[in-house]
J.: 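Let me begin by handing over the structure; questions about it come next.
All values derive from a computational prediction rather than experimental measurement.
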Amino acid sequence: MKKLALATATLAAMAGTSAFAADTYRAEVGVGYDQISPDGGDDIGNYNIYGDFYFKEVDTSKGPLAEAAFLDKASNVGLTYADSDVDGSKAAITLDTRIVLGEKWIIEAAYTDHDETSIYNIAGGLYITDNVDLVVNYADRDTASDLGVKAHGVHSVGSADAAIAWTGGYTETSYDADIDNVGVLAGDFTYYFNKMLGLGVNAAFASDGDDNTNTYGIHADWFVVNNVELSAKYSMTSSDFADTSMLGVAALVRF
């Protein structure tokens, strides 16, 4: 928690020096904390600190501020540090990138180092329209691999900068051991009242053919000013074995 407090203080200081930034940004830094509460078990705290650097200035005038990089087809490279308050836990460090070529073609890659496990991700896709993309992803780690497809879109509705954003996808995990494959169908829907404020719902359904796990959640994203975002989320997960809830908060600064 001391690391999270230090990172939050740094964000606050940065926000104080750039609260009146222009309608573009080149980088962003965020922190987040999630508390997972399993029924009958001890709470688990997870936190992360991340930064993204964009190869060109991102235009925020095309729709909701939370969707600016997507709508501007911006390429970036990012770094994430994630850890847990569980005794003996090891931090995970992820380096990732998203490249958009010719205003259409998408290439994504990521590498995660966690304890003695390495995870490699590679993805490719395209913008079907200026505000809808489709990406196919493959991930490989020591004992399993994932193959998935995901689509994302943002659409203006009505007036006064209102919009809707949606994400839908399916991922199948295959294990090296004699374990049944697990399929996950997931989706998210967010309504933006204006460029600054969005409220959303999400759901995920996982199954290996015998056991099922279902997750339902809500989230809110609010840009206090053009370059400072606060967000919160809550979800409930039920499975054939146990139920779990999760509450998360995050903050982000762009500059």
Side-chain angles (χ1 to χ4, degrees), residues 32-50 77-99 106-126 133-152 166-188 201-217 219 233-248:
Y33 181 80
D34 299 336
Q35 180 172 289
I36 301 172
S37 303
D39 281 359
D42 295 332
D43 292 346
I44 299 171
N46 297 320
Y47 64 87
N48 66 82
I49 305 170
Y50 75 90
V77 61
L79 182 66
T80 301
Y81 175 92
D83 206 346
S84 168
D85 61 12
V86 176
D87 290 341
S89 67
K90 302 289 186 178
I93 297 176
T94 299
L95 178 66
D96 63 88
T97 187
R98 174 182 169 101
I99 307 295
I106 300 167
I107 299 173
E108 297 178 350
Y111 170 75
T112 300
D113 180 73
H114 182 210
D115 200 358
E116 297 181 355
T117 300
S118 297
I119 304 173
Y120 301 88
N121 276 269
I122 186 70
L126 74 162
D133 75 356
L134 180 68
V135 175
V136 176
N137 177 79
Y138 175 78
D140 182 78
R141 51 191 185 274
D142 292 347
T143 59
S145 60
D146 305 323
L147 181 62
V149 59
K150 182 174 69 173
H152 178 61
W166 56 269
T167 302
Y170 178 81
T171 300
E172 179 123 351
T173 300
S174 304
Y175 294 92
D176 295 342
D178 188 18
I179 301 174
D180 292 336
N181 290 0
V182 175
V184 180
L185 180 66
D188 183 285
V201 295
N202 59 276
F205 310 98
S207 176
D208 65 359
D210 296 317
D211 301 314
N212 301 295
T213 300
N214 301 322
T215 299
Y216 303 92
H219 57 86
K233 59 186 177 181
Y234 178 79
S235 65
M236 292 287 297
T237 298
S238 61
S239 70
D240 296 334
F241 308 101
D243 295 336
T244 303
S245 63
M246 188 275 295
L247 178 64

J.: Whether the S238 and D243 side chains hold a donor-acceptor pair (N or O, under 3.5 Å, no angle test) is what I'd like checked.
T.: no

J.: Work out which heavy atom in A204 is nearest to a heavy atom in V184; give both atom names and the distance.
T.: CB-CG1, 4.5 Å

J.: Ignoring hydrogens, what is the shortest heavy-atom contact between S239 and T213? Give both atom names and the distance.
T.: CB-OG1, 3.4 Å

J.: Can you name the side chain to side chain donor-acceptor pair (under 3.5 Å) partners of Q35, sequence neighbours left out?
T.: D43

J.: Does any non-hydrogen side-chain atom of V201 lie less than 4.5 Å from one of Y216?
T.: no

J.: Where do G45 and Y33 come nearest, in terms of heavy atoms and distance?
T.: CA-OH, 3.4 Å

J.: Rounded to the nearest 0.5 Å, how far does OH of Y50 lie from CG of L79?
T.: 12.5 Å

J.: Roughly how far, to the nearest 0.5 Å, is CG of L95 from OG1 of T80?
T.: 9.0 Å

J.: Taking side chain to side chain donor-acceptor pair (under 3.5 Å) as the definition, give me every residue that meets it alongside T112, ordered by chain and number, with sequence neighbours left out.
T.: T94

J.: Nearest 0.5 Å please: distance from the CG atom of L147 over to the CG atom of N181.
T.: 10.5 Å

J.: Could you note down all residue pairs passing salt bridge (Lys or Arg N to Asp or Glu O under 4.0 Å) where residues 135-145 supplies at least one of them, sequence neighbours left out?
T.: R141-D146

J.: Rounded to the nearest 0.5 Å, what's the gap from NZ on K150 to OG1 on T167? Could you check?
T.: 6.5 Å

J.: Is there a side-chain contact (heavy atoms from CB on, under 4.5 Å) between M246 and T237 once you walk through the steps?
T.: CA-CA 8 Å; M246 188 275 295; T237 298; over 6 Å; no

J.: Grab the two heavy atoms, one from A123 and one from V135, that are nearest each other, plus how far apart they are.
T.: CB-CG1, 3.6 Å

J.: Please verify the inter-ring angle class for Y81 with Y47; under 30° counts as parallel, over 60° as perpendicular, anything in between as tilted.
T.: tilted

J.: State which residues pass salt bridge (Lys or Arg N to Asp or Glu O under 4.0 Å) with D96; sequence neighbours excluded, sorted by chain then number.
T.: none

J.: Nearest heavy-atom pair of S145 and Y138: which atoms, and what distance?
T.: CB-OH, 3.6 Å

J.: Mind checking what makes ring-ring contact (aromatic ring centres under 6.0 Å, His included) contact with Y120, not counting sequence neighbours?
T.: Y111

J.: So, H152 side chain and L134 main chain: donor-acceptor pair closer than 3.5 Å or not?
T.: no

J.: How far apart are the C-alpha atoms of S84 and I44, what are their side-chain angles, what is the distance that settles it, and do they pass the side-chain contact (heavy atoms from CB on, under 4.5 Å) test?
T.: CA-CA 7 Å; S84 168; I44 299 171; 3.8 Å; yes

J.: Could you tell me if the ring centre of Y170 sits under 6.0 Å from that of F205?
T.: no

J.: Verify, without hydrogens or angle tests, whether D240 (side chain) and N212 (backbone) share a donor-acceptor contact under 3.5 angstrom.
T.: yes

J.: Could you tell me the separation between the CD atom of E108 and the CG atom of N121, rounded to the nearest 0.5 Å?
T.: 9.0 Å

J.: Quick one: list whatever passes salt bridge (Lys or Arg N to Asp or Glu O under 4.0 Å) with D188, sequence neighbours left out.
T.: none

J.: Can you tell me how far CD1 of I122 sits from CD1 of I107, rounded to the nearest 0.5 angstrom?
T.: 7.5 Å

J.: If you compare all heavy atoms of A91 against all heavy atoms of H114, which two are closest, and at what distance to 0.1 Å?
T.: O-CD2, 3.6 Å

J.: More than 12 heavy atoms of other residues, nucleotides or ligands under 6.0 Å from CG of D115: yes or no?
T.: yes

